[in-house]
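Predicted, not measured: the structure shown is a model, and the values here were computed from it.
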2 protein chains.
Amino acid sequence: MTETHPAPARFPVTVDVVALTVRDGGLNVLLITRLIDPFRGRLALPGGFILAGEELLEAAGRELAEETGVGHHPGHLEQLGSYGPKGRDPRGDVLTVAHLLLAPDFPVLAAGSDAEHAAWYPVRHVLNGDLQLAFDHERILTDAVERAKSKLEYSPLAAAFCGDEFTIAQLRAVYEAVWGTRLDPRNFHRKATGTPDFLQDTGRMTTGDAGRPAALFRLAAAARPAAGQPTRAVLNPPLMRPRD
Amino acid sequence: MTETHPAPARFPVTVDVVALTVRDGGLNVLLITRLIDPFRGRLALPGGFILAGEELLEAAGRELAEETGVGHHPGHLEQLGSYGPKGRDPRGDVLTVAHLLLAPDFPVLAAGSDAEHAAWYPVRHVLNGDLQLAFDHERILTDAVERAKSKLEYSPLAAAFCGDEFTIAQLRAVYEAVWGTRLDPRNFHRKATGTPDFLQDTGRMTTGDAGRPAALFRLAAAARPAAGQPTRAVLNPPLMRPRD
DNA sequence: GCAAAAGTGTTGGGGGTACACCCATGT
DNA sequence: ACATGGGTGTACCCCCAACACTTTTGC
């Protein structure tokens, strides 16, 4: 924040949201189909220009709500990082602040004909190159996935992918989908239930599924993210992902 | 990157740099004394407006060079996060992208009378409240220190605080200063030298100090950060900091 | 010789992996 | 009865904390 004498350059600033969820055993990302140039018809991350008087996280939440129809975003929203401003938009320099949302598999708004259509897409189809994204959104997605992978190791954020109540097996499925690995169900159960300040037993059980009913848990109060506070590292030692 | 119909708001964008080093056994931060309002006479992070055509990291490196006299920055520079734009500058909405520099203890330029004076200050004096910073720079510093602490656990970035060649004890002093703890010299030695792809023995030794001479190491080629690439997690399992 | 710092050996324990085994439900 | 998934017990092993001990310098 030094004063430099030349007039400060002003930049258009956008917020983009990488919304991730677990679906069909894999990691999925919410993408919209662009209706206008540049990159018309191409898939892109939801996002848009920040408005005067808005904070970054507010703007990200608003853009997400506008394009998915979710009243207020479920799950965990945090800042990922900023990109640009040079050479990422053919129309000129635009700075974007990317955000990361980890959420349960919520239904997206069925867009009308004049709105951009938002839907879930498997992350691997994008990173394989089967689906091409607009702008530098593939790079942003890559960074987002890497952030999500490492966050699961030490934070309780895996629960953000589940609903309010979940079984140990559902929680394990999150780790397996994000990391792309298999975890031993028995050892995972011990680690998850044995970690203090992580899970709280609701006393209720699943019913109707095949096999023995499973206990339902929710996030312990101590592990729930306080608004704006950094997520506590409750998993210590961390739950380590198998080496690649 | 959705197109919204209202004209996109444009914001002045600054880059700030949290330059950290280890000095006198403690973590220090590079601060400038502001010569103009707002916050005239107050300490602040070095930084300034991003120029048209610049990338974020470029701008951060330039601002640092301008205010410290270092030709090109030593150590490791990375993006920390963005803050704002609302309510952090009394003159209006300004978005800032904070950066983190981990560097050896380099001498800062002795500023002339018309330049802002840059110098090292112990981080604990700032976070104690003994020194007050301008804008929201204390919050940014807090985030930067937390990022530095956690990066040391799994990345080889502690070496960024040392010069090109260093002893195991100097490397340990970095961990102790950043984490604010004491580590067992013997166990640290084994962990550091035993980790593959971390340290490379130069074959040379220190001389002249008290006690037995120590072997000099440098960062192994595999651990050196490739430009723009994410830092590899060479320390696996991580070097764990003692619980607070 | 003595202090100081570098570096090695050894031992005990916590937590991880691997896997055998038992439990409770749907069909 | 059988399949399916939930949950527990246990053996082994690696790595870390703790600390005794040796090595090599300066004074």
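- Asp143(A) and Tyr83(A) are linked by a side-chain donor-acceptor pair at a separation below 3.5 angstrom, with hydrogens and angles left out of the test.
- The distance between atom NE2 of His189(B) and atom P of dA17(D), rounded to the nearest whole Å, is 16 Å.
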Heteroatom pairs (N/O) under 3.5 angstrom, protein to nucleotides 19-23 of chain D:
from: dT23(D); atom 1: O2; to: Arg212(B); atom 2: NH1; distance (Å): 2.9

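- One distance of note links CG of Leu101(A) with CZ of Phe106(A); it measures 6.0 Å at 0.5 Å rounding.
- Checked against side-chain contact (heavy atoms from CB on, under 4.5 Å), Asp184(A) has the following partners two or more places apart in sequence or in another chain: Arg186(A), Asn187(A).
- Salt-bridge check for Glu58(B) with Arg62(B): failed, with every basic side-chain N at 4.0 Å or more from each acidic carboxylate O.
- In terms of the ring pair (Phe, Tyr, Trp, His ring centres under 6.0 Å) criterion, Tyr154(A) has no residue partners (sequence neighbours excluded).
- By the side-chain contact (heavy atoms from CB on, under 4.5 Å) test, Arg224(A) is found to be paired with Arg218(A), Leu219(A), Ala221(A), residues two or more places apart in sequence or in another chain being considered.
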Apply side chain to side chain donor-acceptor pair (under 3.5 Å) to residues Ser82(B) and Ser82(A) and explain how you reach the verdict. CA-CA 7 Å; Ser82(B) 299; Ser82(A) 299; 2.5 Å; yes
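- Counting all heavy atoms, side chain and backbone alike, Gly61(A) lies closest to Leu77(A) at N-CD2, 4.1 Å.
- Aromatic ring pairs are classed by plane angle as parallel below 30°, tilted from 30° to 60° and perpendicular above 60°; the pair His137(B) and Phe135(B) is tilted.
- Within a heavy-atom distance below 4.0 Å of DNA chain C, the residues of residues 195-211 of chain B found are Ala210(B), Gly211(B).
- From the 5' end on, the contacts that DNA chain C makes with chain A at under 4.0 Å to a non-hydrogen atom open and close at dG16(C) to dG26(C).
- Of all heavy-atom pairs between Thr21(B) and Ala103(B), the closest is OG1-O, 2.7 Å.
- In this structure, NZ of Lys191(B) is placed 16 Å from P of dA18(D), rounded to the nearest angstrom.
- Rounded to a whole Å, the CZ atom of Phe217(A) is 6 Å from the P atom of dG7(D).
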